Amino acid sequence: MAILITGGAGYIGSHTAVELLEAGYEIVIVDNFSNSHPEAIKRIGEITNKPFIFYELDLMDQERLEEVFARHSIEAVIHFAGLKAVGESVQLPLKYYHTNIYSTLVLCEIMKKYEVFKLVFSSSATVYGCPETVPITEDSSLGASNPYGRTKQMIEEILQDMALSDPQWGISILRYFNPIGAHKSGRIGENPSGIPNNLMPYISQVAVGKLERLNVFGCDYPTVDGTGVRDYIHVVDLAQGHIKALERIMQRKGVDVYNLGTGKGLSVLEMISTFESASGRRIPYAFAERRSGDIAVCYADTLKANRELNWSADRGIMEMCEDTWRWQCANPNGYSEIELEKAN
Ligand code: UD1
């Protein structure tokens, strides 16, 4: 019996694949490399030294996806695959709605056909929109403010409806806060294409000298130092949360929703100074206008995941920065350097 991981070459998918293999699970990974790199697949094998199956395919290719279910005895699915750039989703909403929602529908239809009723879904804290209070609990009101976030919110609703219609489903919806860090080996990590949108990859590219300086978006938020506050979580803690969620749905039916965060908020300036200590490099920065759509403060109430999944995010912010830095130094151009080597 195997666990199917969609989007397993991506940032969170690859770290989860490693944790599953280390925990003794059999896995099958599918990925179309639309925003990931084959090198990540190779490195999952290198880190774990364990065998697994990989298919390069698009979830919307119903026939080929069905072949995977026909060929392997799939016990449960962890569904990471999807487009995730907020800015791009505003420019290309149809692409986001089509890809994220249609691929999930195809996947769920095939799961139902093959009687695989266990699903862990990769959602995001972005579904909360602008939170009324912090820390954010799972029953806070939802209101994603961009097409990317709305695809996550809509898929959550689809999964809820599906489980209502058929009590065989056991589904865990995981709302991630801000995943950062990398595997200790420095072999897999976040590999943004082009100029990063998110804070941590941006900081680390400034530290390594690829970008000149960081723009700090907003200095007048009602926070400890005027800059935005987020709940940064180590990607390996997050990956381990998936295993706990998987263990729980193996025993339970219905839908459960969990916040995966640390429960602590840190400001942009706190992140800069911690990264400076971890890397020994200076991070030049300048204050800039607020980024449209940004909120002041966002951090999780993690009690439900602590209690029901027996999980907590234990890695601290220094470790998150050190691990990011190790990955960044060892792979200054992410996985894309491999392509350059091959081309030469
Ligand atoms: C962003 C997405 C969110 C997604 C999350 C995933 C937006 C508007 N939101 O959230 O939907 O779920 O990533 O990780 O893109 N910052 C800077 N300078 C930068 C980049 C960021 O000052 O160059 C600040 C931001 O204003 C924010 C903090 O750093 O206060 C974190 O930003 P980011 O890493 O982009 O994450 P989110 O805004 O939380």
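Given the structure is predicted, the values throughout are model-derived calculations rather than measurements. For ligands, and for the atoms within them, numbers begin at 1 and follow the listed sequence. Because only heavy atoms are used, hydrogens play no part in the values below, and waters and symmetry mates are left out as well, while side chains stay in.
- Shortest contact from atom 34 (O) of ligand 1 to any protein heavy atom: Leu199 N, 2.8 Å.
- Ion pair Glu109/Lys112 not flagged as a salt bridge, since none of the NZ, NE, NH1 or NH2 atoms sits closer than 4.0 Å to an Asp/Glu carboxylate oxygen.
- Remark: ligand 1 and Gly293 share no N or O pair separated by less than 3.5 Å (distance only, no angle test).
- Geometrically, ligand 1 and Asn146 share no nitrogen or oxygen pair separated by less than 3.5 Å.
- Using a 4.0 Å cut-off between charged nitrogen and carboxylate oxygen, Glu56 and Arg64 do not count as a salt-bridge pair.
- Taking only nitrogen or oxygen atoms, main chain and side chain alike, Asn215 reaches within less than 3.5 Å of ligand 1.
- Aromatic rings of Tyr176 and His242 (six-membered ring for Trp) have centroids within the 6.0 Å cut-off, being under it.
- Among protein heavy atoms, atom 22 (O) of ligand 1 sits closest to Phe217 N, 2.9 Å.
- Trp325 and Ile272 end up in the same hydrophobic cluster when Ile, Leu, Val, Met, Phe, Trp and Tyr side chains are linked at under 4.5 Å.
- Exactly one residue among Thr16, Leu20, Ile5, Val18 makes a side-chain contact (heavy atoms from CB on, under 4.5 Å) with Ile44. That residue is Val18.
- Proximity to Asn197 (heavy-atom distance under 4.0 Å) selects the following atoms of ligand 1: 20 (C), 35 (O).
- Looking at Asn191 and His37, their side chains never bring a donor and an acceptor atom within 3.5 Å of each other.
- Taking every heavy atom of Leu214 and a limit of under 4.0 angstrom, the matching atoms of ligand 1 come to 18 (N), 19 (C), 23 (O).
- Here atom 5 (C) of ligand 1 lies nearest to Asn198 when heavy atoms of Thr126, Asn198, Asp294, Val127 are compared.
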Checklist entry - Hey, mind stepping through Arg326 and Glu319 against salt bridge (Lys or Arg N to Asp or Glu O under 4.0 Å) and telling me if it holds? => result CA-CA 10 Å; Arg326 189 177 307 107; Glu319 189 172 349; over 6 Å; no
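- A salt bridge does not link Arg175 with Glu138: every distance from a Lys NZ or Arg NE/NH1/NH2 to an Asp or Glu carboxylate oxygen is 4.0 Å or more.
- Contact annotation: for Val229 versus ligand 1, there are no heavy atoms closer than 4.0 Å.
- Compare Tyr202, Tyr232, Tyr285 by their heavy atoms: the one nearest to atom 28 (C) of ligand 1 is in Tyr232.
- Note that CD of Glu190 and CD1 of Ile12 are 8.0 Å apart. Values are rounded to the nearest 0.5 Å.
- Any N or O atom pair closer than 3.5 Å counts here, and Val86 shares no such pair with ligand 1.
- With respect to Tyr96, the side-chain hydrogen bond (donor to acceptor under 3.5 Å, both in side chains) criterion is satisfied by exactly one of Lys84, Glu88, Arg150, Gln91: Glu88.
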Checklist entry - Are Glu46 and Arg43 close enough, and set up right, to give a salt bridge (Lys or Arg N to Asp or Glu O under 4.0 Å), and what steps lead you there? => result CA-CA 5 Å; Glu46 266 175 38; Arg43 294 189 183 185; 5.2 Å; no
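- Ranking protein heavy atoms by distance to atom 24 (C) of ligand 1, first place goes to Val268 CG2, 3.7 Å.
- Closest to atom 39 (O) of ligand 1, if we only count protein heavy atoms, is Arg230 NE, 2.6 Å.
- Using a 4.0 Å cutoff on heavy atoms, Ser124 counts as a contact of ligand 1.
- In terms of protein heavy-atom proximity, atom 32 (O) of ligand 1 is nearest to Arg291 NH2, 3.5 Å.
- If you check which protein heavy atom lies closest to atom 36 (O) of ligand 1, you get Asn178 ND2, 3.1 Å.
- Near Val216, with a cut-off below 4.0 Å to any heavy atom, the atoms of ligand 1 are 22 (O).
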